[in-house]
Amino acid sequence: MQSLTIALAKGRTLEEALPLLARAGVAPAEHPETSRKLIIGSSRPDLRFVIVRSADVPTYVQYGAADLGVSGKDVLLEHGGEGLYQPLDLGIGRCTMVVAARRDFDYAGAVRRGARLRIATKYVATAREHFAGKGMHVDLIRLYGSMELAPLVGLADAIVDLVSSGNTLKANDLVAVEEIRPISARLIVNPASLKLKRESMQPLLEAIAMAVRAHG
Ligand code: PRP
(Lines give C-alpha, C1' and ligand atoms only; values in the text may rest on other atoms or scores of the structure.)
Protein backbone atom coordinates (compact mmCIF):
# COMPACT_ATOMS: atom_id res chain seq x y z
CA MET A 1 0.00 0.00 0.00
CA GLN A 2 1.35 3.47 -0.88
CA SER A 3 1.03 5.76 2.13
CA LEU A 4 0.22 9.43 1.77
CA THR A 5 1.05 12.39 4.00
CA ILE A 6 -1.00 15.59 3.87
CA ALA A 7 0.41 18.82 5.31
CA LEU A 8 -2.08 21.13 7.00
CA ALA A 9 -1.67 24.30 9.04
CA LYS A 10 -3.62 25.40 12.07
CA GLY A 11 -5.64 28.56 11.66
CA ARG A 12 -8.59 29.94 9.80
CA THR A 13 -8.39 27.91 6.60
CA LEU A 14 -8.33 24.65 8.57
CA GLU A 15 -11.95 25.14 9.62
CA GLU A 16 -12.96 25.11 5.95
CA ALA A 17 -10.38 22.54 4.84
CA LEU A 18 -11.53 19.81 7.24
CA PRO A 19 -15.14 19.58 5.99
CA LEU A 20 -13.83 19.61 2.41
CA LEU A 21 -11.41 16.76 3.11
CA ALA A 22 -14.16 14.91 5.00
CA ARG A 23 -16.33 15.06 1.87
CA ALA A 24 -13.38 13.57 -0.01
CA GLY A 25 -13.36 10.71 2.52
CA VAL A 26 -10.40 11.71 4.69
CA ALA A 27 -10.61 12.99 8.25
CA PRO A 28 -7.90 13.40 10.89
CA ALA A 29 -8.24 11.07 13.88
CA GLU A 30 -7.85 14.06 16.21
CA HIS A 31 -8.73 17.70 15.63
CA PRO A 32 -5.47 19.40 14.56
CA GLU A 33 -6.46 22.68 16.22
CA THR A 34 -6.70 21.19 19.69
CA SER A 35 -4.32 18.23 19.46
CA ARG A 36 -0.69 18.78 20.42
CA LYS A 37 0.38 16.00 18.07
CA LEU A 38 2.29 17.00 14.96
CA ILE A 39 1.56 13.73 13.16
CA ILE A 40 -2.08 12.72 13.22
CA GLY A 41 -3.55 9.55 11.78
CA SER A 42 -6.68 9.49 9.68
CA SER A 43 -9.80 7.54 8.90
CA ARG A 44 -7.64 5.57 6.43
CA PRO A 45 -4.66 3.41 7.45
CA ASP A 46 -2.65 4.60 4.44
CA LEU A 47 -3.05 8.30 5.09
CA ARG A 48 -1.75 10.66 7.77
CA PHE A 49 -1.58 14.38 8.42
CA VAL A 50 1.34 16.52 9.50
CA ILE A 51 0.55 19.81 11.22
CA VAL A 52 2.96 22.63 10.38
CA ARG A 53 3.09 26.43 10.33
CA SER A 54 1.20 27.80 7.32
CA ALA A 55 4.36 29.33 5.81
CA ASP A 56 6.05 25.91 6.03
CA VAL A 57 3.41 23.87 4.15
CA PRO A 58 4.99 24.47 0.68
CA THR A 59 8.44 23.53 2.02
CA TYR A 60 7.27 20.17 3.40
CA VAL A 61 5.57 19.35 0.10
CA GLN A 62 8.43 20.65 -2.07
CA TYR A 63 10.90 18.32 -0.35
CA GLY A 64 8.49 15.38 -0.33
CA ALA A 65 8.20 15.22 3.49
CA ALA A 66 4.49 15.57 2.72
CA ASP A 67 2.97 14.34 -0.55
CA LEU A 68 0.36 17.05 -0.66
CA GLY A 69 -0.86 20.00 1.35
CA VAL A 70 -3.29 22.84 1.68
CA SER A 71 -1.67 26.24 1.31
CA GLY A 72 -2.89 29.81 0.90
CA LYS A 73 -2.02 31.51 -2.39
CA ASP A 74 -0.50 34.31 -0.26
CA VAL A 75 1.99 31.83 1.17
CA LEU A 76 2.65 30.24 -2.23
CA LEU A 77 3.43 33.60 -3.80
CA GLU A 78 6.06 34.23 -1.13
CA HIS A 79 7.44 30.70 -1.45
CA GLY A 80 7.66 31.02 -5.22
CA GLY A 81 5.91 27.71 -5.97
CA GLU A 82 9.17 26.06 -7.00
CA GLY A 83 8.95 22.25 -7.06
CA LEU A 84 5.21 22.26 -6.50
CA TYR A 85 2.29 21.18 -8.61
CA GLN A 86 -0.82 23.31 -7.90
CA PRO A 87 -3.69 21.36 -9.45
CA LEU A 88 -6.65 22.80 -7.60
CA ASP A 89 -8.05 26.05 -6.26
CA LEU A 90 -9.96 24.79 -3.22
CA GLY A 91 -12.15 27.90 -3.13
CA ILE A 92 -11.74 28.18 0.64
CA GLY A 93 -9.90 30.70 2.80
CA ARG A 94 -11.01 33.43 0.44
CA CYS A 95 -9.75 36.92 1.18
CA THR A 96 -8.08 39.83 -0.58
CA MET A 97 -4.51 41.05 -0.44
CA VAL A 98 -4.58 44.82 -0.13
CA VAL A 99 -2.53 47.90 0.55
CA ALA A 100 -3.97 49.59 3.64
CA ALA A 101 -3.17 52.86 5.34
CA ARG A 102 -4.44 55.12 8.10
CA ARG A 103 -7.73 56.76 7.28
CA ASP A 104 -6.05 60.18 7.46
CA PHE A 105 -3.11 59.26 5.18
CA ASP A 106 -3.35 60.61 1.62
CA TYR A 107 -2.07 57.49 -0.13
CA ALA A 108 -3.25 58.54 -3.62
CA GLY A 109 -1.55 61.92 -3.16
CA ALA A 110 1.68 60.30 -2.01
CA VAL A 111 1.64 57.99 -5.04
CA ARG A 112 1.01 60.95 -7.37
CA ARG A 113 3.88 62.92 -5.85
CA GLY A 114 6.16 59.90 -6.28
CA ALA A 115 6.88 59.84 -2.54
CA ARG A 116 9.05 56.98 -1.35
CA LEU A 117 6.73 55.07 0.99
CA ARG A 118 7.59 52.74 3.84
CA ILE A 119 5.54 49.56 3.57
CA ALA A 120 5.35 46.98 6.37
CA THR A 121 4.36 43.44 5.46
CA LYS A 122 5.06 39.77 5.80
CA TYR A 123 4.39 39.45 2.06
CA VAL A 124 7.66 41.04 0.97
CA ALA A 125 7.95 39.29 -2.43
CA THR A 126 4.35 40.03 -3.41
CA ALA A 127 4.60 43.63 -2.20
CA ARG A 128 7.88 44.17 -4.07
CA GLU A 129 6.32 42.92 -7.30
CA HIS A 130 3.17 44.98 -6.82
CA PHE A 131 4.94 48.28 -6.25
CA ALA A 132 7.54 47.61 -8.94
CA GLY A 133 4.63 47.02 -11.34
CA LYS A 134 3.32 50.48 -10.46
CA GLY A 135 6.77 51.98 -10.92
CA MET A 136 6.87 53.00 -7.25
CA HIS A 137 9.98 53.00 -5.11
CA VAL A 138 9.17 51.71 -1.64
CA ASP A 139 11.11 50.65 1.44
CA LEU A 140 9.82 47.29 2.58
CA ILE A 141 9.86 46.44 6.27
CA ARG A 142 9.42 42.77 7.04
CA LEU A 143 7.04 41.90 9.86
CA TYR A 144 5.73 38.52 11.00
CA GLY A 145 2.21 39.51 12.10
CA SER A 146 -0.03 42.27 13.46
CA MET A 147 0.91 44.43 10.48
CA GLU A 148 -2.03 46.72 11.28
CA LEU A 149 -0.04 48.20 14.14
CA ALA A 150 2.78 49.53 11.94
CA PRO A 151 1.04 52.62 10.49
CA LEU A 152 -0.46 53.45 13.90
CA VAL A 153 2.91 53.81 15.60
CA GLY A 154 4.84 55.38 12.72
CA LEU A 155 6.74 52.28 11.65
CA ALA A 156 5.27 52.44 8.14
CA ASP A 157 3.11 54.60 5.89
CA ALA A 158 1.09 51.62 4.72
CA ILE A 159 0.88 47.83 4.95
CA VAL A 160 0.29 44.94 2.59
CA ASP A 161 -1.97 42.42 4.32
CA LEU A 162 -4.96 40.14 3.87
CA VAL A 163 -8.49 41.38 4.45
CA SER A 164 -11.37 39.04 5.02
CA SER A 165 -14.27 40.59 6.96
CA GLY A 166 -12.52 43.98 7.17
CA ASN A 167 -12.99 44.01 10.94
CA THR A 168 -9.29 44.20 11.79
CA LEU A 169 -8.73 47.23 9.53
CA LYS A 170 -11.85 48.92 10.89
CA ALA A 171 -10.93 48.28 14.52
CA ASN A 172 -7.58 49.99 13.89
CA ASP A 173 -8.89 52.91 11.85
CA LEU A 174 -7.20 51.73 8.67
CA VAL A 175 -8.66 51.58 5.16
CA ALA A 176 -7.80 49.51 2.11
CA VAL A 177 -6.41 51.90 -0.49
CA GLU A 178 -5.55 49.37 -3.20
CA GLU A 179 -6.52 45.79 -4.00
CA ILE A 180 -3.59 43.63 -5.04
CA ARG A 181 -5.24 40.27 -5.75
CA PRO A 182 -7.82 37.79 -4.51
CA ILE A 183 -6.43 34.97 -2.37
CA SER A 184 -7.72 31.45 -1.72
CA ALA A 185 -6.29 28.14 -0.55
CA ARG A 186 -4.75 25.75 -3.08
CA LEU A 187 -4.06 22.07 -3.06
CA ILE A 188 -0.34 21.58 -3.60
CA VAL A 189 1.26 18.31 -4.65
CA ASN A 190 4.81 17.01 -4.78
CA PRO A 191 5.40 16.13 -8.47
CA ALA A 192 7.51 13.05 -7.66
CA SER A 193 4.80 11.72 -5.29
CA LEU A 194 2.26 12.23 -8.02
CA LYS A 195 4.28 9.99 -10.33
CA LEU A 196 5.43 7.38 -7.82
CA LYS A 197 2.22 7.14 -5.81
CA ARG A 198 -0.20 7.69 -8.66
CA GLU A 199 -2.42 4.76 -7.60
CA SER A 200 -3.26 6.36 -4.24
CA MET A 201 -2.81 9.95 -5.27
CA GLN A 202 -5.07 10.03 -8.35
CA PRO A 203 -8.28 8.83 -6.62
CA LEU A 204 -7.63 11.22 -3.72
CA LEU A 205 -7.11 14.20 -6.04
CA GLU A 206 -10.30 13.28 -7.91
CA ALA A 207 -12.24 12.95 -4.66
CA ILE A 208 -10.99 16.36 -3.48
CA ALA A 209 -11.82 17.94 -6.86
CA MET A 210 -15.33 16.48 -6.61
CA ALA A 211 -15.73 17.79 -3.05
CA VAL A 212 -14.69 21.26 -4.27
CA ARG A 213 -17.23 21.14 -7.13
CA ALA A 214 -19.99 19.96 -4.75
CA HIS A 215 -19.08 22.84 -2.44
CA GLY A 216 -19.65 25.22 -5.37
C1 PRP B 1 -5.30 37.91 8.95
C2 PRP B 1 -4.73 39.20 8.38
C3 PRP B 1 -5.46 40.27 9.15
C4 PRP B 1 -6.79 39.61 9.48
C5 PRP B 1 -7.86 40.14 8.59
O6 PRP B 1 -4.59 37.54 10.05
O7 PRP B 1 -3.33 39.27 8.55
O8 PRP B 1 -4.78 40.62 10.32
O9 PRP B 1 -6.64 38.20 9.26
O10 PRP B 1 -9.11 39.53 8.83
P11 PRP B 1 -10.44 40.39 8.91
O12 PRP B 1 -10.51 41.27 7.71
O13 PRP B 1 -11.56 39.35 8.91
O14 PRP B 1 -10.42 41.17 10.20
P15 PRP B 1 -4.85 36.13 10.77
O16 PRP B 1 -5.91 36.29 11.81
O17 PRP B 1 -5.11 35.08 9.74
O18 PRP B 1 -3.51 35.86 11.53
P19 PRP B 1 -2.01 36.17 11.11
O20 PRP B 1 -1.72 37.56 11.61
O21 PRP B 1 -1.24 35.13 11.85
O22 PRP B 1 -1.88 36.06 9.62
Side-chain angles (χ1 to χ4, degrees), residues 6-21 28 31-38 49-62 66 69-81 84 86 89-105 107 117-131 138-188 215:
I6 304 181
L8 292 179
K10 293 186 184 189
R12 262 185 234 223
T13 305
L14 186 66
E15 292 312 313
E16 290 179 87
L18 290 181
L20 192 71
L21 290 170
H31 199 296
E33 203 67 59
T34 47
S35 173
R36 310 292 299 204
K37 284 189 182 168
L38 300 175
F49 294 91
V50 290
I51 312 304
V52 304
R53 285 291 297 264
S54 60
D56 295 333
V57 171
T59 308
Y60 276 81
V61 177
Q62 175 186 6
V70 173
S71 181
K73 189 67 187 176
D74 54 329
V75 167
L76 288 167
L77 289 169
E78 288 301 303
H79 172 273
L84 296 172
Q86 298 181 38
D89 183 343
L90 297 173
I92 58 173
R94 285 184 192 279
C95 53
T96 310
M97 192 173 287
V98 302
V99 181
R102 280 165 64 141
R103 193 174 292 283
D104 58 7
F105 181 71
Y107 176 79
L117 297 183
R118 269 197 303 178
I119 308 288
T121 187
K122 67 176 168 190
Y123 303 108
V124 173
T126 314
R128 187 179 294 119
E129 196 183 323
H130 173 70
F131 291 109
V138 297
D139 292 315
L140 293 170
I141 300 176
R142 199 192 196 301
L143 292 178
Y144 293 88
S146 303
M147 270 87 81
E148 291 86 355
L149 180 62
L152 306 182
V153 294
L155 177 61
D157 300 304
I159 59 172
V160 168
D161 196 6
L162 302 178
V163 178
S164 175
S165 66
N167 289 340
T168 310
L169 288 187
K170 209 163 158 194
N172 293 291
D173 226 12
L174 301 175
V175 286
V177 289
E178 221 160 61
E179 284 195 5
I180 298 181
R181 57 166 298 147
I183 297 292
S184 58
R186 309 297 161 105
L187 189 70
I188 56 172
H215 187 58

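Both counts, for ligands and for their atoms, begin at 1 and track the order of listing.
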*Measuring from Thr126:OG1 to Phe131:CZ, what's the distance to the nearest 0.5 Å?*
11.0 Å

_Exercise check, heavy-atom protein proximity under 4.0 Å to atom 8 (O) of ligand 1_ = yes

_Approximate separation, where rounding is to 0.5 Å, of Ile188 CD1 and Leu84 CG_ = 5.0 Å

*What is the nearest protein non-hydrogen atom to atom 20 (O) of ligand 1, stated with its residue, atom name and distance?*
Lys122 NZ, 4.2 Å

*asked:* Closer than 4.0 Å to some heavy atom of Val163 - which atoms of ligand 1 meet that?
replied: 12 (O)

*Is a donor on one side and an acceptor on the other found under 3.5 Å between the side chain of Asp56 and the backbone of Val52?*
no

*Between Val75 and Ser54, which heavy-atom pair has the shortest distance, and what is it?*
CG1-O, 3.6 Å

*With sequence neighbours excluded, tell me which residues meet salt bridge (Lys or Arg N to Asp or Glu O under 4.0 Å) with Lys37.*
Glu30

_Shortest protein contact, atom 14 (O) of ligand 1 (heavy atom only)_ = Thr168 OG1, 2.4 Å

*Could you list the residues that satisfy salt bridge (Lys or Arg N to Asp or Glu O under 4.0 Å) with Arg118, not counting sequence neighbours?*
none

_Nearest-contact summary for atom 15 (P) of ligand 1 - protein heavy atom, Å_ = Arg12 NH2, 3.7 Å

*To the nearest 0.5 Å, how far apart are NE2 in His79 and CD in Gln62?*
3.5 Å

*Mark yes or no: Arg103 above the aromatic ring of Phe105, with NZ or CZ under 6.0 Å from the six-membered ring centre and no more than 45 degrees from the axis.*
no

*Kindly give the heavy-atom pair with the smallest separation between Val57 and Leu8, and that separation in Å.*
CG2-C, 4.3 Å

*Which protein non-hydrogen atom lies closest to atom 5 (C) of ligand 1, naming both residue and atom, and how far is it?*
Leu162 O, 3.5 Å

*In terms of residue, atom name and distance, what is the protein heavy atom nearest to atom 13 (O) of ligand 1?*
Ser165 OG, 2.6 Å

*Asn167 heavy atoms, cut-off 4.0 Å: which ligand 1 atoms fall inside?*
12 (O), 14 (O)

*Go through ligand 1 atom by atom and flag the ones less than 4.0 Å from a non-hydrogen atom of Gly166.*
11 (P), 12 (O), 13 (O)

_Nearest-neighbour protein heavy atom for atom 3 (C) of ligand 1, which is reported as residue plus atom name and distance_ = Glu148 OE2, 3.2 Å

*Purely on distance, is any nitrogen or oxygen of Asp161 under 3.5 Å from one on ligand 1?*
yes

*Less than 3.5 Å between some nitrogen or oxygen of Leu169 and one of ligand 1, yes or no?*
no

*Report yes or no: does a heavy atom of Gly11 sit under 4.0 Å from some atom of ligand 1?*
no

